[in-house]
Amino acid sequence: MCGIVGIVGQSEVAGLLYDGLTVLQHRGQDAAGIATAEGGRLRVHKGNGLVRDVFDDHAMALLRGRIGIGHCRYPTAGSEGSDEAQPFYVNSPYGIALAHNGNLINTEALRCEVFEQDRRNINTESDSEVLLNVFAHELDTQKALTPDAVFAAIAGVNRRARGGYAVMCTVLGLGLVAFRDPHGIRPLVLGRRASAGGEEYIVASESVALDVLGFERVRDVAPGEGIVITARGELHARACAPEMPHAPCIFEYVYFARPDSMIENISVHKARMRMGVTLGEKILRERPDHDIDVVIPIPDTSRDSALELANVLDVKYREGFIKNRYVGRTFIMPGQGERAKSVKRKLNPIPLEFRNRVVLLVDDSIVRGTTSQQIVQMARDAGARKVYLASAAPPVRYPNIYGIDMPSSEELVAHGRSEKEVEQLLGCDWLIYQDLADLEAAVAGPKFPGRKFDSSCFNGEYVTGIDPGYFERIKQLRSDEAKKKRRAG
């Protein structure tokens, strides 16, 4: 999962891009980069680390131009190292810089095509560089630099690429280009604002970037749609793929997106509140005579769900953990050892809220289970009489292959195990999961009843289809053991 933002402004945009990336930092803490276009020149600065660490005054001063894109990254498919930081750049045709959120599932086939057919070389393991070269080749074949030529190139990318992707580029001599995969798996939102010189436009992973920068949210970029915003501020949009099943990633609402974002016209905050309501109703069905004394969220993403759950149960809601704000999100830590150490550094219990109580801990989801084990033990050590654990999401039994670096199936705690077996492994007195139908209904809400989502990590149904041997390949790339070997080597 990554965060992307692109702006066409009436004045210098580097500072806006920096601020936009800081509010998208939750989407990736591994690396960051900005590319700006001024006249016939592209300027790129990127590196490993948080946004505030990558950019200093000198770097920002060099990023001149009224058009630019930014990216914050966390690695998927095992890609690590400073050479994987985005945006990527090619000088032919015209000069193109590209940033990408998502994951291609036919990267290796495309890599061969790009080398053997398109006569282009790929220098990194990143599927984003592959995507850049596919787009560059498709644009080159158009022999023109117009919005129509760009839309034809995007259509070519959509024919060749498979997976979930939201993409933005700066193209010298034209402006900003953005497009989204035909299923709309990864999010992308369009905004605008008026300025003294005319209209300014923004495209970003989440609407919170628009809010912070003072842009009005216009709409989500449609699945398979291409957007071109010229240097003169002219907006062009066109469908660049046949209509396919719309399947936005449900894990955005469960965990990744900020609660103050709107995705697909759905409030993430409201979706999480509804998750808490449906989960509370399930608890009342299964244990109407429950003995829960207090509901405590595992901060931060479970707070909305936990508060509504407590209201449904009519029990106290309390903050029982203090979070160290200067430790990153443990889900996206690169190795299991680092994740395990990080939990202790990240959370500290308040014993007063646990002592002699039956505690219901609420988390947004349970992936590997190691973090949950430690938190359950923290609650016991803090004096809880019983520790129950509720997940606002169903059991994660399958890898997410569209841009979320979930491990191979064997490293998912719920894979191949019953809920009772997971309960015993985590060490809690009772474990309860959200039902998938309830989760999807909670996210869709009353405005969009029956809306479908990419829920593949819960049900194993992949909207793009999967080639034979794909899961074995991602196991070799994504497992903690594979990552450990790469770092050692």
Side-chain angles (χ1 to χ4, degrees), residues 26 253-261 266-325 327 329-331 343 346-367 371-394 419 423 426-435 438-439 441-443 445-446:
H26 60 285
Y253 301 92
V254 170
Y255 176 80
F256 265 103
R258 273 180 44 152
D260 45 346
S261 282
I266 295 171
S267 162
V268 176
H269 169 65
K270 292 287 286 184
R272 290 176 183 167
M273 290 172 67
R274 290 190 291 263
M275 291 177 208
V277 171
T278 54
L279 187 55
E281 291 170 346
K282 181 177 179 180
I283 289 173
L284 288 179
R285 288 195 305 270
E286 295 199 2
R287 294 199 178 183
D289 298 322
H290 68 81
D291 56 350
I292 298 167
D293 294 318
V294 63
V295 172
I296 294 178
I298 298 172
D300 285 318
T301 44
S302 64
R303 283 196 171 102
D304 292 335
S305 297
L307 182 56
E308 291 305 303
L309 188 156
N311 288 337
V312 170
L313 299 184
D314 194 24
V315 300
K316 294 176 182 178
Y317 169 92
R318 290 289 186 268
E319 292 286 341
F321 293 101
I322 298 300
K323 183 177 180 181
N324 181 351
R325 302 289 175 188
V327 176
R329 303 180 87 177
T330 53
F331 177 83
V343 174
K346 180 179 179 180
L347 294 177
N348 194 49
I350 303 172
L352 182 66
E353 299 297 349
F354 293 89
R355 195 171 298 132
N356 297 321
R357 287 178 172 176
V358 177
V359 175
L360 175 65
L361 302 179
V362 181
D363 209 347
D364 53 78
S365 59
I366 302 169
V367 181
T371 298
S372 300
Q373 277 181 323
Q374 293 183 66
I375 292 173
V376 167
Q377 189 57 50
M378 281 185 195
R380 291 200 189 282
D381 293 342
R385 190 153 41 90
K386 292 181 186 176
V387 181
Y388 302 153
L389 179 61
S391 169
E419 293 184 18
E423 176 184 292
L426 298 184
C428 52
D429 296 289
W430 182 42
L431 172 65
I432 186 164
Y433 283 104
Q434 184 92 260
D435 293 331
D438 285 344
L439 173 64
V443 175

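Note that the structure is a prediction, hence the values are computed from the model and not measured.
- Rounding to the nearest 0.5 Å gives a distance of 5.0 Å between CD1 of I366 and CG of L431.
- Every side-chain contact (heavy atoms from CB on, under 4.5 Å) that D260 has, sequence neighbours left out, goes to V208, R258.
- Listed by first and then second residue, the ring-ring contact (aromatic ring centres under 6.0 Å, His included) pairs that reach into residues 286-319 come to none, sequence neighbours excluded.
- When the salt bridge (charged side-chain N to carboxylate O under 4.0 Å, His left out) test is applied to R380, the partners found at least two apart in sequence or on another chain are D429.
- Of all heavy-atom pairs spanning A271 and V443, the tightest one is CB-CA, 4.0 Å.
- Atom CG in L309 sits 4.5 Å away from atom CD1 in I283 (nearest 0.5 Å).
- Applying the salt bridge (charged side-chain N to carboxylate O under 4.0 Å, His left out) test to R385 and every residue at least two apart in sequence or in another chain returns D293.
- Annotation: salt bridge (charged side-chain N to carboxylate O under 4.0 Å, His left out) contacts of K282 (sequence neighbours excluded): D435.
- Residues satisfying the side-chain hydrogen bond (donor to acceptor under 3.5 Å, both in side chains) criterion with Q434, sequence neighbours excluded, are T278.
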Between side-chain atoms of residues 386-393 and protein atoms elsewhere (two or more places apart, or another chain), which donor-acceptor pairs fall under 3.5 Å?
| residue | atom | partner | partner atom | Å |
| --- | --- | --- | --- | --- |
| K386 | NZ | D291 | OD2 | 3.0 |
| Y388 | OH | D291 | OD1 | 2.7 |
| Y388 | OH | D291 | OD2 | 3.4 |
| S391 | OG | A393 | N | 3.2 |
| S391 | OG | A393 | O | 2.7 |

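- Of all non-hydrogen atoms in I298 and L347, the two that sit nearest each other are CG2-CD1, 4.2 Å.
- In this structure, CG in D363 is found 6.5 Å from OG1 in T301, a value given to the nearest 0.5 Å.
- From T371, atom OG1 reaches atom NZ of K346 across 7.5 Å, with rounding to the nearest 0.5 Å.
- Checked against side-chain hydrogen bond (donor to acceptor under 3.5 Å, both in side chains), S372 has no partners two or more places apart in sequence or in another chain.
- Under the side-chain contact (heavy atoms from CB on, under 4.5 Å) criterion, D304 pairs with P259, H269, R272, M273, sequence neighbours left out.
- Judged as a salt bridge (charged side-chain N to carboxylate O under 4.0 Å, His left out), and not counting sequence neighbours, E281 has no contacts.
- Between E286 and W430 the shortest heavy-atom distance is OE1-CZ2, 4.0 Å.
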Using residues 349-362 as the side-chain source, report each donor-acceptor pair under 3.5 Å to any protein atom, sequence neighbours left out, with the distance given to one decimal.
| residue | atom | partner | partner atom | Å |
| --- | --- | --- | --- | --- |
| E353 | OE1 | R357 | NH1 | 2.9 |
| R357 | NH1 | E353 | O | 3.3 |

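- A heavy-atom distance below 4.5 Å is not found between the side chains of K270 and P446.
- Contact between M275 and Y253 at its shortest, heavy atoms only, is CE-O, 3.6 Å.
- Considering all non-hydrogen atoms of both residues, S302 and D364 come closest at CB-N, 3.6 Å.
- We find the CD-CG distance between E308 and N311 to be 5.0 Å, quoted to the nearest 0.5 Å.
- Looking at E319 and R303, a side-chain N of the basic residue comes within less than 4.0 Å of a carboxylate O on the acidic one, giving a salt bridge.
- Residues Y255 and V367 form no side-chain contact, since every pair of their non-hydrogen atoms from C-beta on lies 4.5 Å or further apart.
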